[in-house]
Structure formats: C-alpha cells, structure tokens
Amino acid sequence: MRRIEWPLHLVVRSVVGVVAAGVLAVAGVVAWNWWQESRATCHEDVVRRGPHDECVGVTTGEHVFAPHLEDVQKLIAEENARVEAEGDEHPYVSVAYLTSFTLTDDDSNSEDSVRHELEGAYLAQYRHNQGDLSASPKIRLLIANTGSDSTQWEYAVDRLLERRDGPDRLVAVTGLGPSTERNLEALRKLSDNDVATVASIMTATNIKGIDGFVRVAPTNVDEARAGAAYLKREGFRTAAIVQDDAKSNLYAATLAQAFRDEYPDGEHRLVGDSLSYDSSVPSAWEGELRYIPGHLCEEKPEAVYFAGRGRHLAHFLNALANRSSCKEREFTVLTGDDTTNLTPQQLADAARTGVQVFYTGLAHQDMYGKNPQAVSKLSADHFLPGGQMDEWFPDDPRYDGQDIMGHDAVLTAAKGVEMASKWQGQDKVTGASVARMFHQMSGAQQVAGASGFLSFKKNGDPRDKAVPILRLTPSGRSVLADVSSAAGEPAREQ
C-alpha cells in the first residue's frame with residue numbers, strides 16, 4: 001500500500017483543529033454547568049450579575065441571598081405563604097425590604113447589620129399580620145438585594161416596579177441601605193414611580209424633600225446636635241474634626257458640616273483646620289489616617305469628632321493608640337451611627353486601643369429603661385431580654401440596634417397601609433395613598449416605634465426623634481450613656 005506523506009503544515013492544522021474543538025466542547029460543558037448552577041442557586045426574579053457574580057433581585061423568601069440569612073428568610077417565606085393562602089379571605093399588599101444583602105469589603109454595612117435589619121423587619125410584618133398590632137390589609141414582605149455597594153440597584157428596583165400591579169400589589173419599599181449616591185438614585189426612581197419609601201438607616205441630611213419618602217433614623221444634623229450637646233454637658237470645651245472627603249460618602253460630608261454648625265458657641269470652639277482623608281483612594285486613606293494623630297498632638301483638642309464610616313474609625317483608633325508623640329495625652333473620640341456596623345470583634349479591638357469612644361446610635365434596646373417617655377413600651381418589650389426577638393433568634397446577639405431600625409421602618413409602612421385602607425378601602429391601597437398617610441402620622445396616629453415615637457415633617461425627616469448616646473466599654477460592649485432628642489436636649493414625653 002502506498003504511504004501518503006501529508007505536508008507538515010496540514011498535520012499541525014489538523015491537530016490544532018481537533019484540540020480546539022475539544023477545548024470548545026469542554027468550555028461549552030463548563031458554561032452549561034455554570035448556567036445550570038446559576039439557575040439552581042438564583043430563582044424567582046433573582047439572577048447572577050455584576051463584578052462579584054452575585055444573586056441580585058427580588059424574592060418572597062425562598063431564595064436565600066446568604067447562608068447567615070437562612071433562618072430569618074425561612075420565617076418570612078412561611079409568613080408570606082400563609083398570607084397568600086388566606087388571600088381570598090384577608091386581602092394583602094406587598095412591602096419590600098431593599099438593601100445590599102451580599103456584601104464585600106466595598107460595603108460599610110456588616111453581615112450582622114443587614115441580618116438584624118431583616119429580623120426586625122420580620123417582627124414588624126408578624127405584628128401587623130397576626131400579632132399585637134393585627135390590622136388589614138395583610139403584608140407580604142419581599143426581600144430585594146441590590147448587590148455589594150448597591151452596584152445592581154437598578155436591576156433590583158426594576159424588578160420591584162414590575163410588582164406594583166397584579167397579585168403582588170407592591171405599595172412601599174423600606175430599608176434602602178446607607179446614605180450613598182447609588183441608594184439615593186434607587187430612592188428617587190421608586191419615588192418617581194409612585195412607590196412609598198421608608199428609609200431605616202439613611203441619615204445624610206441632604207436626602208430629603210423626595211415625594212413619598214420618610215425616614216425613621218435621626219438625620220446627621222440630629223446626631224451632631226445631640227452629640228455636641230452631650231460633649232458640652234460633659235465639659236469638653238474644644239474639639240477637632242476628622243472627616244472623610246470621599247465625594248460619594250454623603251454620610252461623612254453632612255455629619256462633619258452638621259457638627260461644624262452645632263458645636264461652636266461663646267464657650268466652645270473648634271481648633272485647627274478640619275483634618276481629612278479620602279476613602280475613595282484605596283491605596284492612600286489608611287496612610288492618611290496614620291498622619292492625623294501628629295496633628296492632633298499639636299492642636300490639643302479635648303475631644304475629636306470623627307466623621308467617617310465605622311471601618312475607617314477602627315483604623316483611626318489604631319493610629320491614635322500607636323502615635324509616636326504626646327503619649328501621655330488622653331483622647332476622647334465622638335462619632336456617628338455607622339459605628340454600629342462594626343462587628344463585636346472589631347468593637348473589642350477598638351476598645352483595646354484605650355481611646356475613650358462615644359457615638360450617636362440609631363437605637364438601643366436599653367432606651368426604654370433609660371427614658372421611658374421617649375420610646376414605646378409596647379414595641380420595646382419585643383427587643384428586651386426574654387422578648388419575642390430572643391425567642392425567634394436566641395443565638396444571635398443583636399448588639400447594634402439595627403433590628404430595631406428595620407422593625408420601625410416596616411412598622412411605619414404597615415401603619416401607612418392600614419390608614420390608607422381606611423381612607424380608600426382595602427382593595428384600593430396604592431403606593432401614592434400610603435405615602436399620603438405618612439404626613440397624617442401625628443398625635444394618636446404616630447408610629448409607636450422601638451427607637452422612639454415617630455411622626456414626620458413635610459420633608460420626610462422624623463420629628464423630634466430620640467437619639468441614643470452610646471459609650472464603648474473596655475470589653476467592646478456599647479452601653480447607653482444618655483438619650484437626647486433631635487434638639488440635643490433630654491428626650492421628652494411624646
């Protein structure tokens with residue numbers, strides 16, 4: 001038989017073709033498996049998106065966004081299923097809780113923080129549907145994930161807007177995450193589409209005057225006023241400001257300006273220029289914080305007001321504790337509510353720096369005991385030792401008060417639903433009608449919140465909101481030092 005000699009270039013081309021076909025076949029199998037896996041792990045209006053390949057979108061509870069949320073999402077899913085099953089007898093509407101539930105280092109919130117918010121949201125849903133505040137229409141609680149740093153906010157919001165009509169009847173969105181540009185854009189898009197919104201932890205002062213929007217948290221002006229008044233009562237006559245200059249950090253910018261406006265008077269003054277760092281420059285901000293203690297040693301303030309996120313505070317306290325000069329000097333630092341996003345370990349590490357730390361929180365379970373006139377006992381009891389939250393989540397120490405804020409946000413939406421149904425009828429409740437009710441919540445109709453009694457100004461801010469002043473102890477536990485009103489005075493009876 002004659003032997004055929006193939007040219008070398010044809011042999012090489014054939015081999016490469018076979019190998020390439022094999023690679024494409026394997027790649028096809030891998031891609032198919034990934035697609036199948038993504039469908040298996042993301043369902044309902046939930047898909048994998050973004051740089052972190054996160055499951056984002058909306059669920060009624062069946063899709064668990066993160067393992068640590070499994071217990072609370074199971075309870076929400078069961079309550080939602082019960083509400084749907086009884087829908088013919090008891091009409092319902094939907095309220096969503098929207099925030100970043102899948103977190104990375106880009107987020108200021110911690111896993112504990114968002115889990116506690118959702119636990120409190122479930123308590124409010126339960127109380128409205130079948131608990132001590134039972135009312136109609138019933139509430140189906142949707143859970144909406146905007147992804148890390150809210151990069152996928154638009155997809156999540158669009159999926160929510162699709163649920164305004166039909167059987168879902170979405171009327172309100174609560175939560176909304178911290179004060180960032182992306183969360184503000186999400187808020188505005190919901191408002192533009194006549195969905196009522198209730199922010200749980202947004203405090204930036206310049207987020208206001210948006211149609212259909214209220215917040216249950218004190219504003220940064222409220223926090224700065226309460227903090228400044230506390231420093232004055234405790235005898236601190238001079239203070240310096242350390243501020244994050246990142247443009248996207250609305251929280252830091254408005255907090256610093258509010259303290260700058262509130263603290264100085266005839267007997268109290270700010271020393272030196274505001275000292276700053278820029279957290280938007282990942283390679284530089286930690287270094288900038290290490291330089292600041294040297295300037296503070298020169299200025300000699302009696303107190304330091306830190307206007308930045310909790311995770312930046314931890315680095316600042318380390319820098320202050322490890323300063324090379326004025327080691328004999330004791331420093332007192334006052335900061336804002338983002339400190340609540342530090343984990344117990346981070347709080348303990350901060351306490352070990354030896355720096356005395358106070359911060360204005362959003363809520364604390366001891367507020368009722370400290371000032372019973374400022375807080376609803378009916379609501380506070382659920383968060384106290386032995387209360388309903390301990391019964392449902394016995395192994396989850398809710399040290400940050402975020403459960404109270406999530407609860408009060410959903411409770412506000414639920415009261416709006418109840419009031420709108422009495423005005424229009426249960427089958428005619430809309431986002432617009434719920435939003436109108438927010439400004440009727442005063443006097444006997446105020447919201448009996450666990451963070452304080454709630455009524456709202458025309459711009460959406462809470463009126464005369466209670467502000468807890470917290471002190472970080474050497475053990476890393478935060479204890480209640482005082483409760484002030486938004487005016488900086490001791491909170492008064494509502």
Side-chain angles (χ1 to χ4, degrees), residues 108 177-185 187-188 199 201-210 213 215 217-232 236-281 285 288-289 292 295-296 299 301-313 316 332-341 357-362 457 459-465 467 469 484-489:
S108 61
S179 304
T180 67
E181 288 285 357
R182 286 174 179 150
N183 290 336
L184 178 55
E185 288 180 38
L187 170 57
R188 285 174 172 153
I201 62 171
M202 277 185 174
T203 60
T205 313
N206 57 352
I207 301 177
K208 61 183 178 181
I210 299 172
F213 165 74
R215 67 173 114 210
T219 68
N220 282 344
V221 167
D222 297 336
E223 290 192 43
R225 184 176 294 133
Y230 181 76
L231 287 180
K232 292 175 182 180
F236 292 91
R237 293 167 299 172
T238 61
I241 297 174
V242 175
Q243 176 183 350
D244 184 2
D245 280 342
K247 291 182 179 179
S248 63
N249 193 346
L250 305 180
Y251 164 83
T254 56
L255 196 64
Q257 187 57 50
F259 188 80
R260 194 174 289 112
D261 293 340
E262 293 295 334
Y263 183 75
D265 58 25
E267 299 178 359
H268 304 87
R269 64 188 177 90
L270 295 172
V271 297
D273 295 327
S274 292
L275 303 170
S276 63
Y277 66 99
D278 189 344
S279 66
S280 67
V281 185
W285 67 265
E288 288 184 289
L289 285 175
I292 289 176
H295 296 292
L296 293 173
E299 300 291 352
E302 295 180 2
V304 178
Y305 194 74
F306 186 83
R309 294 292 183 187
R311 63 192 182 99
H312 305 147
L313 172 69
F316 173 65
T332 295
V333 173
L334 172 67
T335 187
D337 66 275
D338 202 74
T339 306
T340 59
N341 288 313
V357 179
F358 294 87
Y359 61 98
T360 45
L362 300 182
K457 302 175 185 177
N459 67 3
D461 292 345
R463 184 178 288 109
D464 207 22
K465 181 68 190 293
V467 182
I469 311 292
S484 293
S485 72
E489 302 299 327

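We count residues from 1, following the sequence as given. Quick caveat: nothing in here was measured; it's all calculated off a predicted structure.
Side-chain atoms of Asn341 and Ser108 include no donor-acceptor pair closer than 3.5 Å. No side-chain N or O of Thr360 forms a donor-acceptor pair with one of Asp337 less than 3.5 Å apart. Looking only at atom types and distance, the side chain of Asp245 has a donor-acceptor partner in the side chain of Ser276 under 3.5 Å away.
Between Asp278 and Lys247 there is no salt bridge, since no side-chain nitrogen of the basic residue lies less than 4.0 Å from a carboxylate oxygen of the acidic one. The existence of a salt bridge linking Arg215 and Asp461 is confirmed by a sub-4.0 Å separation between a basic side-chain nitrogen and an acidic carboxylate oxygen.
Evaluation of the ring-ring contact (aromatic ring centres under 6.0 Å, His included) rule for Tyr305 yields Phe259 as partners, not counting sequence neighbours. Thr238 is linked by a side chain to side chain donor-acceptor pair (under 3.5 Å) to nothing, counting only residues two or more places apart in sequence or in another chain.
With Leu275 as reference, Leu296 is the one residue of Leu289, Val304, Leu296 to meet the side-chain contact (heavy atoms from CB on, under 4.5 Å) rule. Test Tyr230, Phe236, Phe306 against Phe358 for ring-ring contact (aromatic ring centres under 6.0 Å, His included) and you get one pass: Tyr230.
Dense packing is recorded around NZ of Lys232, with more than 12 heavy atoms of other residues, nucleotides or ligands lying under 6.0 Å away.
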Exercise. Evaluate the criterion side chain to side chain donor-acceptor pair (under 3.5 Å) for residue pair Asp244 and Ser279; output intermediate values, then yes/no.
Key: CA-CA 6 Å; Asp244 184 2; Ser279 66; 2.6 Å; yes

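Judged by distance alone, the side chain of Ser484 and the main-chain N or O of Ala226 form no donor-acceptor pair under 3.5 Å.
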